[in-house]
Each structure stands twice: as structure tokens, then as C-alpha cells.
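Take a look at the structure below.
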2 protein chains.
Amino acid sequence: MTGPVIRLLLADDQALVRGALSALLGLEPDLEVVAEVGSGDEVVAAVLEHRPDVALLDVEMPGMDGITATAEVRRASPDTRVLIVTTFGRPGYLRRALQAGASGFVVKDTPAPQLADAVRRVHAGLRVVDPDLATDSLVAGESPLTARETEVLQAARDGAPVAAIAQRLFLSEGTVRNHLSSAIGKTGAVNRAEAVLVADGNGWL
Amino acid sequence: MTGPVIRLLLADDQALVRGALSALLGLEPDLEVVAEVGSGDEVVAAVLEHRPDVALLDVEMPGMDGITATAEVRRASPDTRVLIVTTFGRPGYLRRALQAGASGFVVKDTPAPQLADAVRRVHAGLRVVDPDLATDSLVAGESPLTARETEVLQAARDGAPVAAIAQRLFLSEGTVRNHLSSAIGKTGAVNRAEAVLVADGNGWL
DNA sequence: ACCCCGGCATGACAGATGTCAGGGTCGTGG
DNA sequence: CCACGACCCTGACATCTGTCATGCCGGGGT
């Protein structure tokens, strides 16, 4: 092995998955995992300390989500490329990750041998996105919800009644009902519960 | 390496995670992954074909959940022990998995080096359960919901209105409302949305 | 026999949800 | 300046949700 090694950072809150991915990538002679972190807010510090070539970030992590961490990494270490590795291929996630500066986006349904390939392509400056997911992203489009509607729908996630949401967000109950109604209409749902599922599934929340 | 090898089967619907676990366990000289499947309904056939010593099963899989697959495996191949490896350490899952015949239950938050240890202990006839999870299980207890209440609450998961649930389950709307009301009371929730979350979080659905 | 329990059903009703109309304020762009 | 969109608010109202009381049926246990 005389060629250069691609240095990697892994960020995933599930320790077992993180360790397994490290083992998988560690089998590749041209890849080396130099750091692993379990929460989003540890990513940038680890990037600055270890200077990886490619950071593989999960989306849903405690402390900071992978998309926000992507933007931070790109700002703090422009030479580090980001590959998102996530359970849910939600169109909104794809769009926002690419806008945040990610070079690639793979879902955990991807066959294992393809991950090392994706890492190498990202490292070589290419963009790696599943074509089906790209299509879904075009179909789902950008979130039709205003920031406030998104916030109210987020608050409605756990079934909170209008009064509780109004209290939590310092709004009147009528305003909350209006925002929910609007979000229900924009997502084509029959009620708030379904609106939450639609928006969540599209990565709009 | 002169000792015996423990033969493993992996079942997880996420190809990347499955492959990564295979790589992780494959690093152990006394472990050998002899089969991998991506859905629950493929588990038994693969067990019968490959005769693994230990089957590592995820819970939430298409085709058949890992708990049902556990019972099937234990019936079809009593010499094969089952280790559940799951994202969600829900108390109800733990209880039902052990009752179905699983010898171990680990969550994906478990540090990677502990997985091989867990496999060896299960193979040696020991039982492997996280003590915190066992405590949660005792606290949460068995589901207080009747089968019918569970079924109605399941149907309510995606926000379906009462009329739609009644139609889907061939019940009257009044009966659906009664079952939902009962489930809300038993879970201590304020409405059906919260009841779904409570029951889900406890592994009762 | 009776009793208990779970499941299903009906009906009444209070409160919550969602829709719609209308109005005001603020910031942005032409 | 005006127009527009986002946000917030109020009020009216139809519909849905959840609760409660009541009753019937079937199965299992004593």
C-alpha cells in the first residue's frame, strides 16, 4: 500500500453502528478512521483536531443535527468534505444537506460495499446522491410551510393540545389553530397528526 | 486459531448497518458470519439452511418483526440462540423477546466491543440484558391494553379519523371512540396522539 | 345456576379541532 | 407611494373527539 490514505471522521449517536462502520471502512487499505464522535456538537472540534479528509455525518444526532454540523464543518475546515449517512432518505434532508455544503448523501439501505466507493468519490471532489432520492426531492419540493407554521407543527408533534402549544410558543389559541389549519392544508392532510407525518416524511420538520 | 468458531446469522433491514456489523464481527477470530438477511420472513429459511449457532435479529423489519422471528427460530432450530440487536430499547420489546425465547437483548447504543462479548455469552448459554433496560421493563410493566384496544390504537397511529378506523377494522364509530378513550385512560395520556407515543415508547404496540 | 370480564354497541353531551372571514402591523420590493 | 406576503389576532360555527352511562353477548370460572 503505497498510495495516500483518506482520513475519515465518523459521527453517529448509536455507538454500535458507529463502531461497526469504523470496522467496515477500516477494512479498506486506502481508508483510515481517525476520529469518532457520538453527538453533533462534538463534530467541529474533532474536525479541527484531527483534520479528516471526509466527515461522515448522521442527520439525527443529539447536540446538533448533521445538517447544521455540515455547515459548521465547511466553514471551519473547507478542505474537509462531508458525506451524510442517514437512516431516513427524506427529500428535505437531501436538499438542506446539499445547500449546507455536503458533497454526498447516502442512506443506510445502501449496500455496504458502496459506502467506501462513496467516500472515495466524495474525496475526489465528486457529488454522490442516490438518483431515486434526487427525484423524490424534486417531487416533494421545498417545504411549503412558513417558519411559524413549521414551528407550530413541530410543537404539535407529541399530540399537545392547542392550549399547550399556545402557551409554549406565547401565541393565542386562535393563532395556533390558524397555523395548524394552514399547515394541514399545505400538506394535503386531513388533520394535524397526518400533517406532522407528511411534513416529517418529507424532511420539512 | 484452533478453537471452535461461532457461526452467526445477521438480520437487519438496513443493508449498510448489516454489512458493517458483519465487518465488525468478522474481525473476531472466533466468530464467523455465515448468512445475512434483510427481512424478517427470510430468517427461518436462512437458519435452516445455514444452521447458525447464534442469530442476531433486529426487531423492526419488513416481512416479520424480530420478536415473531425469534419464536419461529427457536421452534425450527432449538440449538440456535437468538440475540436481539435493536435501535429502540423498549421495555415491551424486551419482555416479549425474552418470552419468545431470545437469550439476549442489546441496543445499538451499546459500545461496539461489547457486541462480540454478548454473542459469546449468549452462545455459552448465558442471558445478556442491559440492567437499566431490565429495570425499565419492570417499571413499564406489561401492556395494560386489551388486544382490541391495541389494535385500535395501532390504527390511530397515522392520525386516521374515527370513521376511517371504524371502516378499516369493521367496527362502529362509537366502539372505536370507546376503545380509544379506554386506551387514553390506561396510558395516562391526554389524547390519542399522546397515547400512541406512550404505548409505542413502552413497546406495547 | 350465577358472576365476572372483555368486547361490542348506542346515545347524550361538553369540549376540542379545524375552517373561514375579516382586520391590523411590519418588512420588503417596485 | 403602493402591493404583497408573513405573522398575529378575533369571532362564528360545523364537525370531531373523548367521556360517561348503559346494555347485550359470549366465554370461563366457581
Side-chain angles (χ1 to χ4, degrees), chain A residues 92 95-96 99 140-205, chain B residues 92 95-96 99 140-205:
Chain A
R95 176 188 295 267
R96 284 156 50 203
Q99 284 172 350
E142 191 132 340
S143 171
L145 307 174
T146 65
R148 205 62 161 160
E149 285 161 359
T150 304
E151 191 177 18
V152 169
L153 202 55
Q154 283 257 51
R157 239 175 172 173
D158 56 2
V162 165
I165 298 174
Q167 197 171 26
R168 192 187 315 180
L169 300 184
F170 308 102
L171 299 173
S172 77
E173 296 186 16
T175 300
V176 169
R177 291 211 293 271
N178 274 335
H179 285 315
L180 284 177
S181 180
S182 189
I184 289 165
K186 288 179 178 178
T187 53
V190 298
N191 53 38
R192 53 147 94 184
E194 191 180 331
V196 164
L197 290 179
V198 170
D200 218 25
N202 283 326
W204 291 338
L205 294 182
Chain B
R95 175 187 297 267
R96 283 157 48 203
Q99 284 171 350
E142 191 132 340
S143 170
L145 307 174
T146 66
R148 206 61 161 162
E149 286 162 359
T150 303
E151 191 176 20
V152 169
L153 202 55
Q154 285 256 49
R157 241 176 169 170
D158 56 2
V162 165
I165 298 173
Q167 194 172 27
R168 193 187 316 179
L169 299 184
F170 307 103
L171 299 174
S172 75
E173 295 184 16
T175 299
V176 170
R177 291 212 292 274
N178 273 338
H179 285 315
L180 284 176
S181 182
S182 189
I184 288 165
K186 288 180 180 179
T187 52
V190 298
N191 54 39
R192 51 146 93 189
E194 192 181 330
V196 164
L197 291 178
V198 169
D200 218 27
N202 283 325
W204 291 338
L205 294 180

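Here the structure is a predicted model, which means the values were calculated and not measured. Letters A, B, ... mirror the listed sequences (proteins, then strands); counts begin at 1.
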| message | In whole Å, I'd like the distance from the CD atom of B:Glu173 to the C1' atom of D:dT17. | response | 11 Å

| field | Separation of atom CG in B:Leu145 from atom P in C:dG6, rounded to whole Å | value | 12 Å

Which residues in [range] have a heavy atom closer than 4.0 Å to any atom of DNA chain D?
range	answer
residues 184-205 of chain B	B:Ile184, B:Asn191, B:Arg192
residues 174-183 of chain A	A:Gly174, A:Thr175, A:Asn178, A:His179
residues 152-167 of chain B	B:Pro161, B:Val162

| task | Take A:Thr187 and A:Glu194 through the side chain to side chain contact (heavy atoms under 4.5 Å, CB included) test and state the conclusion after the steps. | result | CA-CA 9 Å; A:Thr187 53; A:Glu194 191 180 331; over 6 Å; no

| request: May I ask you to check whether over 12 heavy atoms, not counting those of A:Gln167, lie within 6.0 Å of atom CD? | output: no

| query | Is there a side-chain contact between A:Ser143 and A:Asn202, using heavy atoms and a 4.5 Å cut-off? | reply | no

| task | Quickly, which of A:Val176, A:Asn178, A:Val162, A:Ile165 forms a side chain to side chain contact (heavy atoms under 4.5 Å, CB included) with A:Leu171? Name it, please. | result | A:Val176

| Between the side chains of A:Gln154 and A:Arg157, is a donor N or O closer than 3.5 angstrom to an acceptor N or O? | yes

Could you give the distance from [atom1] ([X]) to [atom2] ([Y]), rounded to the nearest 0.5 Å?
X	Y	atom1	atom2	result
A:Arg192	A:Leu153	CZ	CG	9.0 Å
A:Thr150	A:Lys186	OG1	NZ	8.5 Å
A:Trp204	A:Arg95	CH2	CZ	10.0 Å

| N or O in side chain of A:Ser172 less than 4.0 angstrom from D:dC8 OP1/OP2 | no

| Verdict with supporting geometry, B:Val152 and B:Glu149, side chain to side chain contact (heavy atoms under 4.5 Å, CB included) | CA-CA 5 Å; B:Val152 169; B:Glu149 286 162 359; 5.9 Å; no

| task | Report yes or no: does A:Asp200 contribute a side-chain atom to a donor-acceptor pair with the main-chain N or O of A:Leu205 at less than 3.5 Å? | result | no

